[in-house]
Student: 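Have a look at this one before I ask anything.
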There are 2 protein chains.
Amino acid sequence: MPVYLGALTALSASGHTTASSEALARACDMSAAIVRRDLSLLDHTGRRGVGYDVAQLAGAIRRFLGIDRLRPVGIVGAGRMGTALAHYLSDPQHGFSVRAVFDSSAARIGQPVVDLAIRDSATLPAAVRELALELLVIAVPAAAAQSVVDAVVDTDIRGLLNFAPVPVRAPAGIEVRHVDLATELQVLSHFAPAIPAHPSASRSSLGPLEAES
Amino acid sequence: MPVYLGALTALSASGHTTASSEALARACDMSAAIVRRDLSLLDHTGRRGVGYDVAQLAGAIRRFLGIDRLRPVGIVGAGRMGTALAHYLSDPQHGFSVRAVFDSSAARIGQPVVDLAIRDSATLPAAVRELALELLVIAVPAAAAQSVVDAVVDTDIRGLLNFAPVPVRAPAGIEVRHVDLATELQVLSHFAPAIPAHPSASRSSLGPLEAES
DNA sequence: GTATGTGAAGTGATTCACAGCG
DNA sequence: CGCTGTGAATCACTTCACATAC
């Protein structure tokens, strides 16, 4: 859905007011069939013989994603990654409002990020309640990740996006999603094997994949 | 596979020399059956009645991922995200060697990142050849992403990890993987819906998911 | 005529359960 | 006896194809 939303935003910017499943499929490179099936999960907006109304469909997707409201999020960890994420997610186009950034290092507390002063991580649960934060982005070192989760289990936090390279555990009722940037590059590495210098022993995995006809 | 590799590294650090599929499953929270099926893709190392040899299995996974060799990668874009990625991926534990960082802004060219001087993006194809870069991380603004791809199509680059929030197109033979951080948070947002203030109309999507028994 | 929405078929991934090996 | 490795069943997702609505 987020991919469709991005494509719709681009289409809207270039003046299109309507889009067919095939046009969307081309923009997102996917098949038209799957686009239609995906969009059928929404309270539909498609018109047969015409296509989808761009603005209306974008609205439906935003509702589906729960970002028709600019959801309040917090960033935990104001290192390079946390800071980069804070800036990136502050663009309201993505559907979020970065309301607080936390760090445990005295040198960073009070420093500005975007237009926020970095808060002490010790105040995390209080700030989550005070600012009604619903989602938290975890961008702390691996060793600290689980303790961040533990600190907010008794708040109304709904979801955690974990960038720390360890799986964290949270009770039911708090959704967790893990993103590991090294993992992404490792998976790419597998599918993009080096050209063997000495083509002697055959590799354990597949060779270069087939062309897209 | 990367998840297993991470778990194995942790197990190794805590003195374990052997691990069962069930132990790995717990560490990665997955089912033991799928762990075994996944690992069966490797030139096996499992011993019935005992489990897997931690060091041997880690080696097999690294080979599978093509990182038994510390693959040379380049980072294109030395903004906040590019810089954060350069630092993160410079940890040799992940299996990569960051050999160059590029940017097109005159203010940044020559500045140090990790222990590299930022290079001019105009020199990208030459540097890819000179340094034998195999993978590129794209961390540039959306508008510049496709031109980065176009600049390296005639080199021996094997894969591109694209962090720019636009789909980029590359010819067959160059693997592309897309990571969109806003998308990840949006997907989390969908699965972690806000608690409705006025529980009047039923939501279009599923409610809070079932507990993990 | 055109493009959606959706049963039905096909394909791939997960789970089960157990034979086989150490 | 324990744990792997894997056929067989199950489940989910994708693709096809067309009736349906505009």
Side-chain angles (χ1 to χ4, degrees), chain A residues 1-5 7-8 11 16-61 63-64 167 177-178 183 187 190-191 204-206 209-210 212-213, chain B residues 1-5 7-8 11 16-61 63-64 167 177-178 183 187 190-191 204-206 209-210 212-213:
Chain A
M1 291 296 183
V3 181
Y4 301 139
L5 185 56
L8 288 168
L11 283 169
H16 291 76
T17 174
T18 188
S20 68
S21 60
E22 201 154 330
L24 277 169
R26 230 173 303 111
C28 305
D29 49 343
M30 333 186 57
S31 79
I34 198 176
V35 170
R36 289 201 299 277
R37 193 163 307 265
D38 285 349
L39 297 186
S40 74
L41 293 178
L42 275 29
D43 20 340
H44 338 106
T45 50
R47 268 146 97 133
R48 304 188 187 214
V50 180
Y52 300 89
D53 181 273
V54 169
Q56 202 172 317
L57 182 55
I61 294 179
R63 242 177 346 268
F64 181 83
R177 207 173 157 82
H178 189 93
T183 290
V187 172
H190 169 71
F191 286 109
S204 62
S205 87
L206 321 112
L209 284 331
E210 71 295 334
E212 51 172 2
S213 76
Chain B
M1 292 296 183
V3 181
Y4 301 139
L5 185 55
L8 287 168
L11 284 170
H16 291 77
T17 174
T18 189
S20 69
S21 60
E22 200 155 329
L24 277 169
R26 231 174 302 114
C28 305
D29 50 340
M30 335 187 53
S31 78
I34 197 174
V35 171
R36 290 201 298 278
R37 175 120 20 220
D38 285 349
L39 297 186
S40 74
L41 292 178
L42 275 28
D43 20 342
H44 335 108
T45 51
R47 269 144 96 135
R48 304 188 186 212
V50 181
Y52 300 88
D53 180 274
V54 170
Q56 202 172 318
L57 182 54
I61 294 178
R63 244 180 341 271
F64 181 83
R177 208 173 157 83
H178 189 93
T183 291
V187 172
H190 169 70
F191 287 109
S204 62
S205 87
L206 321 111
L209 283 331
E210 71 294 335
E212 50 171 359
S213 75

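What you see is a predicted model; the values in this text were computed from it and never measured.
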Student: Are there more than 12 heavy atoms of other residues, nucleotides or ligands under 6.0 Å from atom CZ of B:Arg177?
Tutor: yes
Student: Nearest 0.5 Å please: distance from the CG atom of B:Leu57 over to the OG1 atom of B:Thr45.
Tutor: 4.5 Å
Student: Just to verify, what does A:Ser20 make a side chain to side chain donor-acceptor pair (under 3.5 Å) with, not counting sequence neighbours?
Tutor: none
Student: Can you find a heavy atom in the side chain of A:Leu42 that is under 4.5 Å from one in the side chain of A:Arg63?
Tutor: no
Student: How do B:Ser40 and B:Gly49 order along DNA chain D: which one's closest nucleotide is nearer the 5' end?
Tutor: B:Gly49
Student: If you assign each of A:Arg36 and B:Val50 to its closest nucleotide in DNA chain D, which residue comes earlier from the 5' end?
Tutor: B:Val50
Student: Does the side chain of A:Leu5 come within less than 4.5 Å of B:Thr183's, by heavy atoms?
Tutor: no
Student: How long is the straight-line distance from CZ of B:Arg26 back to OG of B:Ser31, given to the nearest 0.5 Å?
Tutor: 13.0 Å
Student: Name the first nucleotide and the last nucleotide along DNA chain C (5' to 3') that come under 4.0 Å of a heavy atom in chain B.
Tutor: C:dT14 to C:dG22
Student: Taking any atom under 4.0 angstrom from a heavy atom of chain A, which nucleotides of DNA chain D are the first and last to qualify, 5' to 3'?
Tutor: D:dT14 to D:dC22
Student: Return whichever of B:Ile34 or A:Ala19 has its heavy-atom-nearest nucleotide of DNA chain C closer to the 5' end.
Tutor: A:Ala19
Student: Can you see which heavy atom on B:Phe64 is nearest to which on A:His190, and at what distance?
Tutor: O-ND1, 2.8 Å
Student: I want to check something: taking the side chain as every heavy atom from C-beta on, are A:Met1 and A:Leu41 in contact at a cut-off of under 4.5 Å?
Tutor: yes
